[in-house]
Amino acid sequence: MRITEFRALMVAHFGDLRAPSVARDHVFSALGGRTADEALEAGVPPRQIWNEMCREFDVPHRIRFGLD
């Protein structure tokens, strides 16, 4: 997964306004106490971050594995 796909999935689930806020502000213990943005900067693969988003925010199966 590329970062652009990760960002598109975030917008698809959270919306244009909320997606950046969630990526910037929500801390994930499974990502070493980092936010999604911090994890990306640290080199954590976007797929791993997205998987944590899916677990924590109960993302619907229709977008868990990508957009059509």
Side-chain angles (χ1 to χ4, degrees):
M1 172 183 286
R2 297 179 185 267
I3 293 173
T4 53
E5 183 181 4
F6 169 77
R7 297 286 185 200
L9 288 166
M10 290 284 294
V11 168
H13 182 66
F14 295 105
D16 287 329
L17 298 176
R18 188 168 175 229
S21 175
V22 171
R24 181 184 61 242
D25 298 331
H26 188 84
V27 176
F28 295 87
S29 60
L31 297 175
R34 299 180 188 125
T35 66
D37 286 345
E38 291 169 339
L40 285 170
E41 289 178 25
V44 177
R47 171 60 68 192
Q48 183 180 346
I49 299 166
W50 179 244
N51 288 339
E52 290 307 319
M53 285 280 178
C54 290
R55 276 191 273 282
E56 194 127 340
F57 288 96
D58 198 27
V59 173
H61 285 281
R62 64 181 171 77
I63 66 168
R64 282 188 184 217
F65 303 104
L67 299 170
D68 290 336

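Fair warning: this is a prediction, and the values are worked out from it, not measured in the lab.
Of the inter-residue distances, the one linking Cys54 atom SG with Arg47 atom CZ reads 7.5 Å to the nearest 0.5 angstrom. Going from atom CG of Asp58 over to atom NE2 of His13 covers 7.5 Å, rounded to the nearest 0.5 Å. In this structure, Asn51 CG and Arg64 CZ are separated by 8.5 Å, a value rounded to the nearest 0.5 Å. One finds the CZ atom of Arg18 at 9.5 Å from the NE2 atom of His26 (value rounded to the nearest 0.5 Å).
Here the closest non-hydrogen pair linking Ala36 and Phe6 is CB-CZ, 4.0 Å. When all heavy atoms of Arg34 and Glu38 are compared, the pair lying nearest together is CA-OE1, 3.4 Å. Between Gly15 and Pro20, the closest heavy-atom pair is O-CD, 4.5 Å.
Residues Phe14 and Val27 are members of separate hydrophobic clusters, defined by side-chain heavy-atom contacts under 4.5 angstrom among Ile, Leu, Val, Met, Phe, Trp and Tyr. Both Ile63 and Ile49 are members of a single hydrophobic cluster when ILVMFWY side chains are connected at heavy-atom separations under 4.5 Å.
A heavy-atom distance below 4.5 Å is not found between the side chains of Arg24 and Thr35. Inter-residue side-chain proximity for Leu31 and Gln48 is flagged as met; some heavy-atom pair is nearer than 4.5 Å. Inter-residue side-chain proximity for Leu9 and Met1 is flagged as met; some heavy-atom pair is nearer than 4.5 Å. Residues Val59 and Trp50 form a side-chain contact, since some pair of their non-hydrogen atoms from C-beta on lies under 4.5 Å apart.
The environment of Asp16 atom CG is sparse: at most 12 non-hydrogen atoms of other residues, nucleotides or ligands sit within 6.0 angstrom.
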